[in-house]
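Beneath this line is the structure, given in structure tokens, with notes to follow.
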Number of protein chains: 2
Amino acid sequence: MLSQAEENYLKAILKLSQKNGKSVSTNAIAEELSTKASSVSDMMKKLSEKSWIHYVKYQGVSLTEKGRSYAVHIVRKHRLWEVFLVNQLNFKWDEVHDIAEQLEHIKSLELVSKLDAFLNFPSFDPHGDPIPNAEGIFPKSLAIPFSELPIKSRGKVVAVVMDEPSFLKYLDKLSISIGAQVEIIEVNEFDDSFDVKINGKQSHISLDVAKNILISLL
Amino acid sequence: MLSQAEENYLKAILKLSQKNGKSVSTNAIAEELSTKASSVSDMMKKLSEKSWIHYVKYQGVSLTEKGRSYAVHIVRKHRLWEVFLVNQLNFKWDEVHDIAEQLEHIKSLELVSKLDAFLNFPSFDPHGDPIPNAEGIFPKSLAIPFSELPIKSRGKVVAVVMDEPSFLKYLDKLSISIGAQVEIIEVNEFDDSFDVKINGKQSHISLDVAKNILISLL
DNA sequence: AATAATTTTTAGACAAGTCTAAATAAATAT
DNA sequence: ATATTTATTTAGACTTGTCTAAAAATTATT
Ligand SMILES: [Mn+2]
Ligand SMILES: [Mn+2]
Ligand SMILES: [Mn+2]
Ligand SMILES: [Mn+2]
């Protein structure tokens with residue numbers, strides 16, 4: 001049985017390899033988990049001995065089939081619990097991450113499947129992130145960053161890339177939530193900002209913000 | 001912030017002092033937590049340095065005010081989660097203990113209070129155990145062991161003392177559940193067993209079983 | 001009251017997980 | 001191709017929580 005620490009490492013490796021493709025560096029993992037590279041090296045040795053990861057010294061790591069499916073299961077739990085917290089307990093979307101970070105480590109397959117059913121088999125979490133099903137398959141969603149939305153075309157917010165509370169609260173202030181209708185009116189070259197419409201109302205956002213909002217075209 | 005291990009020790013001390021009054025012995029704690037007396041000694045030193053318990057070598061331990069209130073909070077979480085698992089997720093009462101044993105360590109006051117509200121502020125868990133409120137006050141219930149119910153008087157099952165799955169499943173088999181109407185028809189002196197009525201139907205239970213069922217008189 | 005049995009504590013060891021500092025390998029720049 | 005910088009690993013130390021075995025204190029028995 002894996003410890004919480006081991007589970008967090010697997011999850012970090014999954015996240016980083018989903019983002020950057022291929023193999024993951026020691027430093028990237030250390031950064032992701034706010035720990036030191038030396039601690040990561042130690043842990044990589046351990047996880048590799050137990051066949052959770054492929055690891056060649058100085059060459060980075062990748063998940064084994066077994067490791068990937070375990071990591072996906074943790075992600076599944078994390079996102080299901082976030083749905084529970086927001087939809088059933090009325091938490092706000094910027095409040096749930098740290099709690100789900102703990103709940104994801106609760107061990108009971110029965111619990112996960114009953115929770116899934118209770119929540120009506122959701123496909124996306126409160127931040128628009130896809131929830132893998134019991135077989136580990138992620139639902140597809142073709143989404144592009146808001147910053148790459150063609151001018152004048154309409155889109156719908158489907159997800160956010162960051163889940164830091166400060167970013168999420170800022171989106172609240174801008175009335176940007178999952179499902180909101182958006183449109184780019186104009187690009188301001190000199191500061192890379194955008195004049196936009198959000199649910200029909202004119203607004204203004206920076207490139208940094210726009211890159212972290214995922215849109216599906218209407 | 002307390003570790004899971006420390007929390008489990010505090011909870012064990014609370015449980016034992018509620019059962020036997022006064023101060024709790026090293027061996028009793030070791031037994032309760034399935035660990036060794038030497039480990040308990042070590043931990044008692046640590047908890048006492050941090051003022052969670054009163055501890056005098058060779059004299060047993062008791063909780064400080066602060067320790068008691070922390071332990072009660074863990075119990076509150078444990079029992080609220082059990083209610084959630086049984087009432088919302090349709091677990092059976094013999095399946096929830098181990099899961100609640102993990103969930104009780106999730107740290108978020110906000111979560112506890114929202115869960116409490118979501119469940120409609122329950123006063124008793126699925127085994128009939130009292131759930132302390134946010135102030136740490138336990139609801140009262142004057143209950144006596146089934147084995148001490150006066151002959152011919154009627155009673156209602158309000159709680160069970162043990163929560164081992166095997167015991168709970170056996171009660172299921174006897175159709176004994178929280179709320180069931182019961183009555184002792186006759187005491188069989190030679191084997192200390194009882195002829196009883198459960199929801200009107202005649203049955204037969206041992207002293208061991210009867211001692212672990214709590215009744216309130218009708 | 002002295003002895004025996006039981007309970008509790010200490011001493012020393014170990015595994016997990018982390019850290020700092022030093023060594024080594026790999027990548028980059030000259 | 002060599003030197004420099006950066007990334008990664010190793011060495012050694014520390015904390016938490018556990019264990020076994022031995023020592024000490026307490027309790028029970030004669
Ligand atoms: Mn986590
Ligand atoms: Mn999320
Ligand atoms: Mn526990
Ligand atoms: Mn219970």
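Reckoned from all heavy atoms, side chains included, excluding hydrogens, waters and symmetry mates.
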All heavy atoms of A:Val86 vs all of A:Trp93, minimum pair found to be CG2-CA, 4.2 Å
Applying side chain to side chain donor-acceptor pair (under 3.5 Å), which residue pairs with at least one partner in residues 108-119 of chain A are found, sequence neighbours left out?
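For residues 108-119 of chain A, and leaving out neighbouring residues, the side chain to side chain donor-acceptor pair (under 3.5 Å) pairs sorted by first residue read A:Arg76-A:Asp116.
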For atom [atom1] of [X] and atom [atom2] of [N], their distance in whole Å:
X       : N      : atom1 : atom2 : result
A:Tyr9  : C:dA16 : OH    : P     : 14 Å
A:Glu6  : C:dA16 : CD    : P     : 8 Å
A:Asp42 : C:dA16 : CG    : P     : 12 Å
A:Lys45 : D:dT8  : NZ    : P     : 15 Å
B:Glu49 : D:dT16 : CD    : C1'   : 14 Å
B:Asn8  : D:dT16 : CG    : P     : 17 Å
A:Met43 : C:dC19 : CE    : C1'   : 14 Å

Tell me whether [X] contacts the main-chain N or O of [Y] through its side chain, where contact means a donor paired with an acceptor under 3.5 Å.
X        : Y        : result
B:Lys77  : B:Lys107 : no
A:Asn188 : A:Phe190 : no
A:Thr64  : A:Ser51  : yes

With sequence neighbours left out, the residues meeting ring-ring contact (aromatic ring centres under 6.0 Å, His included) with A:His97 are A:His78
Tabulate below the donor-acceptor pairs under 3.5 Å that side-chain atoms of residues 140-149 of chain B make, not counting sequence neighbours, or state none.
none

Polar atoms only, N or O, under 3.5 Å: list the protein pairs with nucleotides 23-28 of chain D and their distances.
residue, atom, partner, partner atom, Å
D:dA25, O4', B:Tyr58, OH, 3.4

Q) Which residue pairs pass the salt bridge (charged side-chain N to carboxylate O under 4.0 Å, His left out) test with at least one member in residues 20-36 of chain A, sequence neighbours excluded? A)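 Every pair satisfying salt bridge (charged side-chain N to carboxylate O under 4.0 Å, His left out) with a residue in residues 20-36 of chain A: A:Lys15-A:Glu32.
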Ordered by number, residues from residues 25-40 of chain A within less than 4.0 Å of DNA chain C (heavy atoms) are A:Thr35, A:Lys36, A:Ser38, A:Ser39
